[in-house]
Amino acid sequence: MTKALRDTSPDILAVAMEYIDGAAAQKNAEGVRFRGDAAFGPVAATGAGRLERSDFYDYLGVPWEFEDGTRTKPDSKHYGAVDCSGFVRLVYGYRHDFPLLGTNTPGPGLPRRAYAMAEFGPGVTPIPNTGRRSTTFETLQAGDLVFFEVEGGADELDHAGIYLGVDSDGRHRFMSSRERVNGPTLGDVGGTSLLDDGGMYSRGFRAARRI
């Protein structure tokens, strides 16, 4: 604890902010851009909306081998982009060395998609998924992963974000990467980034995990 208290390096929330609109880019010694303004994904071929499936290695533009042996290569069309769960994996996995999986199955690390993170991810569940809107905000801590069902259709968690805490208006705010603003945001374009205001994400809030 003493060592942690003396640590002045960027924490989870500070690192997450290094990918919002206008964030300055920085490269490592190998020339890989590891931080800076991130997109959500490339424009779909139809011109309507942006594509998902942008993971942290797409943002980095480097191939990756996961601890479970899964190997993958970045898609050049998704360079510089992370979807909602890819953003979580970029911040917690790549930047903070939390173990990552290349699959959506149980294992020693953080799975790829939101539903799998909530169901199989490591850590504890301050808010379990009951299939209904959750209003148990008092159990949350800054840095918890929060999960939503907002796309309709199948009853499956389809969006993930990072809980920031209570804002200056007394609201429970989170940040996530989303299509409408083309990347990570804590703002309110494309739905308020709040758990407790009755908006789209508030109505779709289902679960939280602490890793």
Inspect the contact between [Y] and [X] and indicate whether a charged nitrogen and a carboxylate oxygen are less than 4.0 angstrom apart.
X      : Y      : result
Lys77  : Asp75  : yes
Arg112 : Asp83  : yes
Asp188 : Arg173 : yes

For Met200 and Arg203, run side-chain contact (heavy atoms from CB on, under 4.5 Å): C-alpha distance rounded to whole Å, both residues' side-chain angles, the deciding distance at 0.1 Å, then the answer. CA-CA 5 Å; Met200 177 181 71; Arg203 297 192 306 272; 4.1 Å; yes

Below 4.5 Å, heavy atoms only, C-beta onward: do [X] and [Y] meet side chain to side chain?
X      : Y      : result
Trp64  : Thr72  : yes
Tyr115 : Asn129 : no
Pro122 : Leu110 : yes
Ile12  : Val91  : yes
Tyr163 : Phe137 : no
Pro74  : Pro63  : yes
Val88  : Ser176 : no

Keeping the roles fixed (side chain from [X], backbone from [Y]), state whether a donor-acceptor pair exists under 3.5 Å.
X      : Y      : result
Arg178 : Thr185 : no
Asp144 : Arg210 : no
Arg95  : Val15  : no
Ser202 : Leu195 : yes
Asp196 : His172 : yes
Asp55  : Asp58  : no
Arg209 : Met117 : yes
His78  : Pro42  : no
Thr192 : Gly199 : no

When hydrophobic residues are tied together by side-chain contacts of less than 4.5 Å, even through go-betweens, does [X] share a cluster with [Y]?
X      : Y      : result
Leu164 : Phe205 : no
Phe148 : Ile127 : yes
Met17  : Phe34  : yes
Phe174 : Phe87  : no
Phe98  : Phe120 : no

Report the distance from atom [atom1] of [X] to atom [atom2] of [Y], rounding to the nearest 0.5 Å.
X      : Y      : atom1 : atom2 : value
Leu100 : Glu67  : CG    : CD    : 8.0 Å
Phe147 : Arg206 : CZ    : CZ    : 13.5 Å
Thr125 : Ile211 : OG1   : CD1   : 13.0 Å

Using the rule side chain to side chain donor-acceptor pair (under 3.5 Å), only one of Arg33, Glu18, Arg35 pairs with Gln26; which is it?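 Single pass found, and it is Arg35.
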
Would you please test Arg113 and Glu156 for side-chain contact (heavy atoms from CB on, under 4.5 Å) and show each step? CA-CA 11 Å; Arg113 294 183 60 192; Glu156 180 180 277; 3.3 Å; yes

Quick one: are the ring centres of Tyr19 and Tyr59 less than 6.0 Å apart?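 Under 6.0 Å, so yes.
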
Can you check side-chain contact (heavy atoms from CB on, under 4.5 Å) on Leu13 and Ile162, steps first, answer last? CA-CA 8 Å; Leu13 301 187; Ile162 300 172; 4.0 Å; yes

Crowding at CG, Asp21 (>12 non-hydrogen neighbours, <6.0 Å):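 Open.
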
